[in-house]
Amino acid sequence: MSSSVPSGSSDDLSCIVCGNPGSKKCSRCKSVRYCSSKCQTSHWQSGHKRKCKDIGKINSVQGPRSDFGSKISSTGGKNFSGIALVPTHGTSKVIKKPREILFPYDEFLKLFNWDKPGFAPCGLLNCGNSCFANVVLQCLTYTRPLVAYLLEKGHRKECGRDDWCFLCEFQTHVEKASQSSHPFSPMSILSRLPNIGGNLGYGRQEDAHEFMRFAIDTMQSICLDEFGGEKAVPPRSQETTLIQHIFSGHLQSQVICSKCNNISNQYENMMDLTVEIHGDAASLEECLDQFTAKEWLDGDNMYKCDGCNDYVKAWKRLTVRRAPNILTIALKRFQSGRFGKLNKRVTFPETLDLSPYMSDGGDRTDVYKLYAVVVHVDMLNASFFGHYICYVKDFRGHWYRVDDCKLYKEIHVCDGFC
């Protein structure tokens, strides 16, 4: 970035105005943080509004948030845990010294605002029950900052692994997809499924969401391996990798004691939102309303209050404290204790405002634009087998229905439901 970028970079997690922990980013430039709407208003009135506009011009912000969706900036348009689940194999050729910021946020911004026209989807051959992996690979291939990094900078040339590396292989996959007009086999990835997730196996029917989580966790592990691995990097710095910049947000769990009104907040890194479908919920917004609804802790589930030093009745609520740049939402359709599937229609919008589900109520800057959807087509209403297809939007804004090696250009995505 040029020197016109404000000195308070988003690499600094504190509020640019008062120095308190900042959970909100400037929706336009994403280069500064705020702890409240009051601080944001104060900073904008002090001149950042004009500077921010200039930064937006420099970055050519077009902001491409699912399922999969990318955040929309105010100047234009814009579906996991962060634990390393896959052990490191082999030795690293060069281990970089851990530092506070592992991947500079201003470099991420350039990738997020990558303005290349991209390429149309390329089909993938089904290599034997591989549709679960094919749909996830398609969706990742249209995750703008990740693809921009692999095609512009590339991971392969700076990879420190001596053995097989998923990120190197996925870079090769993206390069093939960007250059090929004919379906190709993703066998180089499928044959190494145990390297991505220990319980995944080639030739078996697997869950697409589980594979997605393993793939994200594996890429995070690879980023940390460059600096000596998860144990060598402080937890705060682990949240500054490229993968964390792309997918990571924070959840807040708040409990309020009904006796003394003591408030307890706990925060957790999130890489996706898994929401259940309860009762009459028929839309994504209604499912999110249920996800963030207050829960009454009573009876056998009473809360041990630090203020009262006793078990008491309390209210508990989950909300999003810090919204991710790329939001992934998974609808939990498995019926508890059964193999059946909740096969009801659930509508979703192409533009989603996350503000109602934010801890601070939001300010309507956390708006996402849909760019990919994974759909499980079941057989006999069963969740444990069936077929996966996906819908992806290329960087020119065209939607495609992708069924393994078959491509269909679409006007509307999935008729707005899945």
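As a basis for the values below, the full set of heavy atoms in this structure was taken, side chains included, without hydrogen atoms, waters or symmetry mates.
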task: Applying side-chain contact (heavy atoms from CB on, under 4.5 Å), run through V136 and F214 and close with a yes or a no.
output: CA-CA 11 Å; V136 171; F214 277 130; over 6 Å; no

message: If you apply the rule side-chain contact (heavy atoms from CB on, under 4.5 Å), what do you find for L331 with L284, and how did you get there?
response: CA-CA 8 Å; L331 294 177; L284 177 59; 4.1 Å; yes

R317 vs W315, side-chain contact (heavy atoms from CB on, under 4.5 Å): CA-CA, chis, key distance, verdict: CA-CA 7 Å; R317 188 185 183 211; W315 288 106; over 6 Å; no

message: V374 vs M212, test: side-chain contact (heavy atoms from CB on, under 4.5 Å). Steps then yes/no.
response: CA-CA 11 Å; V374 171; M212 177 71 181; over 6 Å; no

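In this structure the side chain of I329 never reaches within 4.5 angstrom of the side chain of F348, judged on heavy atoms. By the 4.5 Å heavy-atom criterion applied to side chains, T274 and H209 are counted as neighbours. The shortest distance between side-chain heavy atoms of F103 and L111 falls below 4.5 Å. Residues M358 and T319 form no side-chain contact, since every pair of their non-hydrogen atoms from C-beta on lies 4.5 Å or further apart. Taking the side chain as every heavy atom from C-beta outward, T240 and E100 never approach each other to under 4.5 Å. Two residues are said to be in side-chain contact when any heavy atoms from C-beta on lie closer than 4.5 Å; L288 and L352 meet this criterion. Contact check for I216 versus D272: no side-chain heavy atoms found under the 4.5 Å cut-off. Side-chain contact between P186 and N134 is present, with at least one heavy-atom pair separated by less than 4.5 Å.
Panel note: side chain S283, backbone E286; a donor-acceptor pair is recorded below 3.5 Å. Judged by distance alone, the side chain of E206 and the main-chain N or O of G201 form a donor-acceptor pair under 3.5 Å. Listed for the Q252 side chain is no donor-acceptor partner under 3.5 Å among the backbone atoms of S359. With hydrogens and angles disregarded, no donor-acceptor distance shorter than 3.5 Å links the side chain of R161 to the backbone of E226. In this structure, T241 contributes its side chain and Q220 its backbone to no donor-acceptor pair below 3.5 Å. A side-chain donor-acceptor contact under 3.5 Å links Q205 to the backbone of G386. Checked by atom type and distance alone, the side chain of Q290 pairs as donor or acceptor with a backbone atom of H278 at under 3.5 Å. Side chain of T172 to backbone of C168: a donor-acceptor contact under 3.5 angstrom is found. The main-chain N or O of M187 is found under 3.5 Å from a side-chain atom of S191 such that the two form a donor-acceptor pair. When atom types are taken as modelled, the side chain of H387 and the backbone of H376 share no donor-acceptor pair closer than 3.5 angstrom.
Residues R204 and N199 share a closest heavy-atom pair of NH2-O, 2.7 Å. Shown here for D353 and Y357, the closest heavy-atom pair between the two residues is O-CE1, 3.8 Å. Closest heavy-atom contact between M270 and L273: SD-CD2, 3.7 Å. Among all heavy-atom pairs drawn from N325 and Y105, the shortest one is ND2-OH, 3.3 Å. When all heavy atoms of F166 and I196 are compared, the pair lying nearest together is CD1-CD1, 3.7 Å. The heavy-atom pair separating A177 from C122 by the smallest distance is O-CB, 3.9 Å.
No donor-acceptor contact under 3.5 angstrom links the side chains of Y311 and N301, judged on distance only. Remark: the T143 side chain and the Y371 side chain contain an N/O donor-acceptor pair separated by less than 3.5 Å. If you check the side chains of N269 and Q238, you find no donor sitting under 3.5 Å from an acceptor.
The structure places CZ of R401 at 9.5 Å from SG of C390, a figure rounded to the nearest 0.5 Å. Going from atom OH of Y388 over to atom CG of D404 covers 13.0 Å, rounded to the nearest 0.5 Å. A distance of 12.5 Å separates OG in S264 from NZ in K304, rounded to the nearest 0.5 Å. Here the CG-OG1 distance, from L124 to T141, works out to 7.5 Å after rounding to the nearest 0.5 Å. How far CH2 of W296 is from OG of S258: 4.5 Å, rounded to the nearest 0.5 Å. If you take NZ on K332 and SG on C287, they are separated by 13.0 Å, rounding to the nearest 0.5 Å.
Note: Y142 and F119 meet the aromatic proximity criterion, with ring centroids under 6.0 Å apart.
The neighbour count for E158 CD, taken as heavy atoms of other residues, nucleotides or ligands under 6.0 Å away, is above 12. At most 12 heavy atoms of other shown residues, nucleotides or ligands fall within 6.0 angstrom of atom NZ in K294.
Between F170 and H173, the ring planes are parallel. Angles under 30° get that label, and only those over 60° would be called perpendicular.
A salt bridge does not link E152 to K110: none of the charged side-chain nitrogens sits closer than 4.0 Å to a carboxylate oxygen.
Both the sub-6.0 Å distance and the 45° axial angle are satisfied by R144 relative to the ring of F395.
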